[in-house]
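To start, the structure itself, in structure tokens.
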Amino acid sequence: MTRMILLAGVLRLTRPLNVRRTLLAAVDAFLEASPTSLPTAHRFVARCRKACPSFTLGNVVWGYFITHLTDSLFDEDSDYLRDLRMVLSAGSQEIYRTYLNFDFARDLTPHERAWLATLSEMLEFLGRYPFADTDAALQEYARRVDPITLMTRLSPPPRRLEDETIYHLILREVSAILTTVDLRYSLLRSTHLTPQSPYASYPPQPRSGRNQAPDISADLDWARRALLSLQEQAWLLVTWQVTPTHYHLSLH
């Protein structure tokens, strides 16, 4: 019985902070603007900052508001605070955006650095399409897919979306693109690289004739730019929207 109580206590102490709810409490305390509520508001904001480490998705989304609430230009502006309270409590139609262009070399783990290098090499290989020797190209592609698949499996996303780093998300997204190329179909029946994953057209159209499959050249261009943005060599647009219950985040 004692052990169960102790475990329950540990779980309560280590439960991840609900940043959105805590920010909402901070805003309410700022709006109250009393001698006792203002220190509480600043304490809540400090907790949120600590709960959103640099480069995590939580930092991308909530860091925008956390930074404002550490600036007297905003945390003393009742109109801004009321607007922010509406966003935090009910969501918003506004699309927020930022541009990513940073050298993450010192932040990547050895595994992630190897992952990045392997993805870059795969992009270079696919950039040589079309290949003169079909069989050799298919074998080479399969050989390159295996380590990427393994690296992805060995580095799964965290349980909470906001705890994932932006660079880890990019590595996962690029891996999904590069390991689902239907190279055989592309070489035998198409003039462009096509996806292996299921796809549909809108409005629905019959699949007949040549070159009916989507052209993923734009996906590969995005993947190349996304990887370069992690090396301070390109810009990647990141957008997010706060919904009534959570948020949507997109990479462009």
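Numbers for residues simply follow the sequence, beginning at 1.
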* Asked: Roughly how far, to the nearest 0.5 Å, is the CG atom of D133 from the CG atom of D135?
  -> 6.0 Å

* Does a side-chain heavy-atom distance below 4.5 Å link V19 with C52? -> yes

* Considering non-hydrogen atoms only, spot the tightest contact between A137 and L183 and give its length. => O-CD2, 3.7 Å

* To do: Only one of E112, H168, R172 passes side-chain hydrogen bond (donor to acceptor under 3.5 Å, both in side chains) with S155; say which it is.
  => H168

* **side chain to side chain donor-acceptor pair (under 3.5 Å) contacts in which one or both residues fall within residues 234-246, not counting sequence neighbours** => T239-H252

* Taking C-beta and beyond as the side chain, do R160 and P16 meet within less than 4.5 Å on heavy atoms? -> yes

* Asked: How far does CG of L230 sit from CD1 of I166, to the nearest 0.5 angstrom?
  -> 8.5 Å

* Does some side-chain heavy atom of R49 sit less than 4.5 Å from a side-chain heavy atom of T70? -> yes

* **4.5 Å side-chain heavy-atom contact, L169 and L249** => yes

* **Pairs meeting criterion ring pair (Phe, Tyr, Trp, His ring centres under 6.0 Å) with involvement of residues 129-153, two or more places apart** => F125-F131

* Going by heavy atoms in the side chains, are L100 and Y167 under 4.5 Å from each other? -> no

* To do: Using the test side-chain hydrogen bond (donor to acceptor under 3.5 Å, both in side chains), find all partners of T194 that sit at least two apart in sequence or belong to another chain.
  => S186

* **Heavy-atom neighbours of R113 CZ exceed 12 at 6.0 Å** => yes

* Are V181 and P195 side-chain neighbours, meaning at least one heavy-atom pair lies under 4.5 Å? -> no

* Step by step, work out the side-chain contact (heavy atoms from CB on, under 4.5 Å) result for D215 and T191. => CA-CA 9 Å; D215 183 347; T191 58; over 6 Å; no

* Asked: Judged by atom type as modelled, is there a donor-acceptor pair below 3.5 Å linking the side chain of Q231 to the main-chain atoms of L227?
  -> yes

* **D75 versus S72, closest heavy-atom pair with distance** => OD1-CA, 3.2 Å

* **side-chain hydrogen bond (donor to acceptor under 3.5 Å, both in side chains) involving E232 - partner list, sequence neighbours excluded** => none

* Could I get the full list of side-chain hydrogen bond (donor to acceptor under 3.5 Å, both in side chains) partners for H111, not counting sequence neighbours? => none

* For A29 and L38, which heavy atoms make the closest approach, and how far apart are they? -> O-CD2, 4.3 Å

* Asked: So, do W222 and V174 sit near enough that their side-chain heavy atoms are less than 4.5 Å apart?
  -> yes

* **Gap between atom CG of L193 and atom CG of D182 - 0.5 Å precision** => 10.0 Å

* **side-chain contact (heavy atoms from CB on, under 4.5 Å) between E162 and V61, worked out** => CA-CA 8 Å; E162 50 263 66; V61 175; over 6 Å; no

* Using the rule that two of Ile, Leu, Val, Met, Phe, Trp, Tyr join whenever any of their side-chain heavy atoms come within less than 4.5 Å, decide whether L23 and L57 are in one cluster. => yes

* To do: Show your reasoning for whether side chain to side chain donor-acceptor pair (under 3.5 Å) applies to E94 and S92.
  => CA-CA 5 Å; E94 184 172 355; S92 171; 4.6 Å; no

* Which is it for Y64 and N59 under the side-chain contact (heavy atoms from CB on, under 4.5 Å) test, yes or no, and what are the steps along the way? -> CA-CA 8 Å; Y64 176 83; N59 180 264; over 6 Å; no

* Asked: Looking only at heavy atoms, what is the nearest atom pair of V27 and L81, with distance?
  -> CG1-O, 3.4 Å

* Asked: With a 4.5 Å heavy-atom cut-off, do L84 and F65 have their side chains touching?
  -> yes

* **In one Ile/Leu/Val/Met/Phe/Trp/Tyr side-chain cluster, 4.5 Å: V45, L73** => yes

* Asked: Excluding sequence neighbours, so at least two apart, what forms ring pair (Phe, Tyr, Trp, His ring centres under 6.0 Å) with Y80?
  -> H68, F74

* Those residues that, when tested against T67, pass side-chain hydrogen bond (donor to acceptor under 3.5 Å, both in side chains) (two or more places apart) -> none

* Hey, could you give me the OG1/CG distance between T165 and D163, rounded to the nearest 0.5 Å? => 10.5 Å

* Asked: Who pairs with R159 by salt bridge (charged side-chain N to carboxylate O under 4.0 Å, His left out), at least two apart in sequence or on another chain?
  -> none

* Which value, rounded to the nearest 0.5 Å, describes the distance between M151 atom CE and D146 atom CG? -> 11.5 Å

* When Ile, Leu, Val, Met, Phe, Trp and Tyr are grouped by side-chain heavy atoms lying under 4.5 Å apart, directly or through other members, which residues fall in the same group as L228? -> none

* **L178 with W115, same ILVMFWY side-chain cluster at under 4.5 Å** => yes

* Structure fact -> In terms of heavy-atom contacts, A26 and A41 come closest through O-CB, 3.6 Å

* Asked: Closest heavy-atom contact between F30 and L69?
  -> CZ-O, 3.8 Å

* Asked: What pairs with R225 under salt bridge (charged side-chain N to carboxylate O under 4.0 Å, His left out), at least two apart in sequence or on another chain?
  -> none

* Asked: Between atom CG of L31 and atom OG of S78, what is the distance when rounded to the nearest 0.5 Å?
  -> 7.5 Å

* Might you work through the side-chain contact (heavy atoms from CB on, under 4.5 Å) test for R20 and Y247, ending with a clear yes or no? => CA-CA 10 Å; R20 180 175 185 166; Y247 60 82; 5.9 Å; no

* **Check: S37 side chain, S34 main-chain N or O, donor-acceptor pair, under 3.5 Å** => yes

* To do: Carefully, step by step, assess S217 and H192 under the rule side chain to side chain donor-acceptor pair (under 3.5 Å).
  => CA-CA 8 Å; S217 298; H192 56 252; over 6 Å; no

* Structure fact -> Sequence neighbours excluded, the answer for salt bridge (charged side-chain N to carboxylate O under 4.0 Å, His left out) partners of E140 is R143, R144

* Asked: Considering residues at least two apart in sequence or located in another chain, which fulfil the salt bridge (charged side-chain N to carboxylate O under 4.0 Å, His left out) criterion with D79?
  -> R82

